[in-house]
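The block underneath contains the structure these notes are about, expressed in structure tokens.
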Amino acid sequence: MLIMKLKKSGMTLQQKQNAAGWIFLTPATVLIAVMSFWPMIKAFVLSLQTGTGVMKMAEPVTMNYQRILQDNVFQTSVKNTFLYLIIQVPIMLVLAILLAQLLNNKDLKFKGLFRTCVFLPCATALVSYALIFRSLFAVDGLVNSILIHLGILENGYNFLGNVTSARIVIIIALVWRWTGYNMVFYLSGLQNIEYSVYEAAKIDGANGWKTFWKITVPLLKPTIVMTFIMSINGTLQLFDESVNLTNGGPANSTITMSHYIYNTCFVNKPNFGYACAMAFIVFIMVAVLAAINMKVGDTRD
């Protein structure tokens with residue numbers, strides 16, 4: 001109806017195009033504002049309030065943020081999350097690029113089968129795959145059975161009960177789950193690169209490594225930046241693996257920031273204001289790291 005009115009009005013073509021654009025954008029803009037930005041504003045207001053449950057106390061507005069600086073469990077969760085980020089994300093993205101390069105070979109047979117096999121883990125439900133890894137690395141699980149059979153261990157090792165091994169299991173699970181997901185982006189980017197570019201490099205005498213480093217990586221840079229930002233965002237909000245694999249243990253040594261926020265908000269004595277304050281700290285971390293990555297990845301003059 002509004003489009004018909006625009007056609008009958010005395011507006012110029014440019015004005016009609018602008019008005020039509022705003023008409024189509026308005027519903028989505030309103031929904032985003034109501035469903036995303038308004039809850040964010042309310043959460044920020046709530047982060048300035050203290051008290052448990054629905055009881056609010058008269059305290060300084062920065063009390064929750066001051067408490068964060070003294071919260072040893074939150075500091076541990078930050079260290080754990082960044083440990084996963086620093087180790088898991090580079091390994092995952094490098095593997096994804098290498099797999100995409102291998103599976104982009106035009107002479108490779110059964111490419112569809114191999115691509116499906118690599119991608120399948122990310123089609124697994126988050127809870128399901130976490131529980132599978134929990135059973136695999138249990139004291140009486142498959143991994144311990146194999147190690148005992150090979151003579152490497154005499155008795156089952158409690159992988160999830162040891163701090164270092166529990167963190168390693170979480171990293172392995174993340175790499176297994178998300179490598180195929182990122183590989184799809186790189187594979188799509190590689191398929192947009194003309195094969196004649198590689199043929200020209202081969203004629204010029206470039207070997208496989210030089211071709212990969214001098215041609216593939218620069219042309220994939222926008223995709224690499226995008227996957228890096230998404231991986232950082234996802235890792236900083238890591239939740240399912242911490243809950244379902246180790247439940248944050250032993251003694252909160254593997255807990256993540258999102259897991260601790262959830263516990264603060266719903267599991268332990270509910271403190272919505274403090275949970276919102278921690279959530280805003282995570283939001284700032286994600287925004288800052290994303291901005292740094294976009295700045296570093298921006299090659300425009």
Side-chain angles (χ1 to χ4, degrees), residues 25 28 32 36 81-82 84-126 129 170-241 283 285-301:
L25 282 174
I32 292 173
S36 296
T81 305
F82 275 88
Y84 303 144
L85 173 66
I86 293 169
I87 297 176
Q88 173 258 334
V89 170
I91 293 174
M92 176 186 65
L93 295 184
V94 169
L95 284 176
I97 292 175
L98 294 177
L99 287 170
Q101 183 74 10
L102 289 173
L103 297 178
N104 192 50
N105 189 340
K106 66 175 185 177
D107 298 323
L108 180 66
K109 296 181 180 180
F110 308 110
K111 287 189 293 185
L113 175 63
F114 293 136
R115 291 173 181 176
T116 302
C117 291
V118 176
F119 180 76
L120 272 179
C122 71
T124 308
L126 290 170
Y129 104 91
I170 290 177
I171 291 171
I172 293 172
L174 289 169
V175 171
W176 180 85
R177 175 65 169 74
W178 295 107
T179 297
Y181 177 81
N182 290 282
M183 182 206 68
V184 172
F185 291 103
Y186 296 134
L187 193 58
S188 176
L190 287 171
Q191 291 175 349
N192 289 325
I193 301 175
E194 292 292 337
Y195 194 74
S196 59
V197 177
Y198 293 106
E199 291 179 336
K202 188 175 181 180
I203 293 172
D204 290 338
N207 56 28
W209 170 250
K210 285 186 178 179
T211 301
F212 175 75
W213 190 249
K214 298 293 184 180
I215 296 176
T216 302
V217 173
L219 291 176
L220 281 180
K221 192 171 183 179
T223 307
I224 293 172
V225 172
M226 180 194 69
T227 54
F228 205 77
I229 292 173
M230 290 194 308
S231 300
I232 289 174
N233 185 19
T235 306
L236 289 180
Q237 300 179 63
L238 195 62
F239 177 77
D240 294 89
E241 291 76 8
F283 169 75
M285 290 178 182
V286 172
V288 170
L289 290 175
I292 292 172
N293 278 287
M294 292 186 69
K295 184 66 176 178
V296 172
D298 190 357
T299 56
R300 294 173 296 179
D301 294 331

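Please read these numbers as outputs of a predicted model, since none were measured by experiment.
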Take Tyr186 and Leu93 through the test side-chain contact (heavy atoms from CB on, under 4.5 Å) and record every step on the way to the result. CA-CA 9 Å; Tyr186 296 134; Leu93 295 184; 3.6 Å; yes

Please determine whether the number of non-hydrogen atoms from other residues, nucleotides or ligands lying under 6.0 Å from atom CZ of Phe283 exceeds 12. no

Closest approach of Leu174 to Met92 (non-hydrogen atoms, all atoms of both residues): O-SD, 4.4 Å

Residue list, side chain to side chain donor-acceptor pair (under 3.5 Å) with Tyr129, at least two apart or on another chain: Glu241

How long is the span from the OG1 atom in Thr81 to the CD atom in Gln237, to the nearest 0.5 Å? 10.5 Å

Please list, chain by chain and in numerical order, all residues satisfying side chain to side chain donor-acceptor pair (under 3.5 Å) with Gln88, sequence neighbours excluded. Thr235

Inter-residue atom distance Leu220.CG - Ile215.CD1, 0.5 Å rounding: 11.5 Å

State, yes or no, whether a side-chain contact exists between Phe185 and Ile224 at a heavy-atom distance under 4.5 Å. no

Would you be so kind as to tabulate the donor-acceptor pairs closer than 3.5 Å made by side chains of residues 115-124, with sequence neighbours excluded?
| residue | atom | partner | partner atom | Å |
| --- | --- | --- | --- | --- |
| Arg115 | NE | Leu103 | O | 3.3 |
| Arg115 | NH2 | Leu103 | O | 2.8 |
| Thr116 | OG1 | Gly112 | O | 2.8 |
| Thr124 | OG1 | Pro121 | O | 3.2 |

Spacing of CD1 belonging to Ile87 relative to CD1 belonging to Ile172, to within rounding of 0.5 Å: 11.0 Å

Within this structure, what is the CG-OG1 distance for the pair Asn182 and Thr227, rounded to the nearest 0.5 Å? 5.5 Å

Output the distance between atom CD1 (Ile171) and atom CG (Leu85), rounded to the nearest 0.5 Å. 10.5 Å

All ring-ring contact (aromatic ring centres under 6.0 Å, His included) counterparts of Phe228, not counting sequence neighbours: none

Considering all heavy atoms of both residues, which atom of Ala100 and which atom of Leu187 are nearest to each other, and what is their separation? O-CD1, 3.5 Å

Would you please name every residue forming a side chain to side chain donor-acceptor pair (under 3.5 Å) with Thr216, sequence neighbours left out? Tyr198

Leu25 side, atom CG; Ile32 side, atom CD1 - distance, nearest 0.5 Å: 9.0 Å

What residues form a ring-ring contact (aromatic ring centres under 6.0 Å, His included) with Phe114, not counting sequence neighbours? none

